[in-house]
Student: 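Submitted below is the structure of interest, expressed as structure tokens.
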Amino acid sequence: MLGFLIAAAAGFLTPQLEGPVAGPIAKALEGYFPIAAHERRVIAFMVALLAAAILAAAFDSGSVFGIIIGAILGYFGKRIFDVLKKAIDGKRDAS
């Protein structure tokens, strides 16, 4: 369970890692091949997921499946919450 929570936090923090973490990595890689602007978010997500996996292994908590699901839910968590909120508010208005 701790691995899931660590991965969810990593997924949620991905946008904040895009500039300070993914930027220097992308700049270093651009000397070898081109990096598109939208690929920086993917690099940030990979770094966050790697850090989550290392922490989960260090705490001996969580499975690979739990870490992946946690990272996905963390990454899309705000959007999922907004969709659920709209659905609940829509049901209340229809009553």
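All values below were derived from every heavy atom in this structure, side-chain atoms included, with hydrogens, water molecules and symmetry-related copies excluded.
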Student: Given the rule that I, L, V, M, F, W and Y join up when any side-chain heavy atoms are under 4.5 Å apart, are Ile6 and Met1 in one cluster?
Tutor: no
Student: Do Ile67 and Tyr75 belong to the same hydrophobic cluster, where Ile, Leu, Val, Met, Phe, Trp and Tyr are linked whenever their side-chain heavy atoms lie under 4.5 Å apart, directly or via other members?
Tutor: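 Both belong to a single hydrophobic cluster.
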Student: Is Ile35 linked to Val21 within one hydrophobic cluster, defined over Ile, Leu, Val, Met, Phe, Trp and Tyr using a side-chain heavy-atom separation of less than 4.5 Å?
Tutor: yes
Student: Under 3.5 Å, sequence neighbours excluded: what are the donor-acceptor pairs made by side chains of residues 78-88?
Tutor:
none

Student: About how many Å separate CZ of Phe76 and CZ of Phe12, when rounded to the nearest 0.5 Å?
Tutor: 14.0 Å
Student: Do any side-chain atoms of residues 38-62 form donor-acceptor pairs under 3.5 angstrom with protein atoms, and if so which ones, sequence neighbours left out?
Tutor:
from, atom 1, to, atom 2, distance (Å)
Glu39, OE1, Ala36, N, 2.8
Arg41, NE, Glu18, OE1, 2.7
Arg41, NH2, Glu18, OE1, 2.9
Ser61, OG, Leu2, N, 3.2
Ser61, OG, Gly3, N, 3.1

Student: Working to the nearest 0.5 Å, report the span between CD1 of Ile69 and CZ of Phe4.
Tutor: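 One finds 8.0 Å between CD1 of Ile69 and CZ of Phe4.
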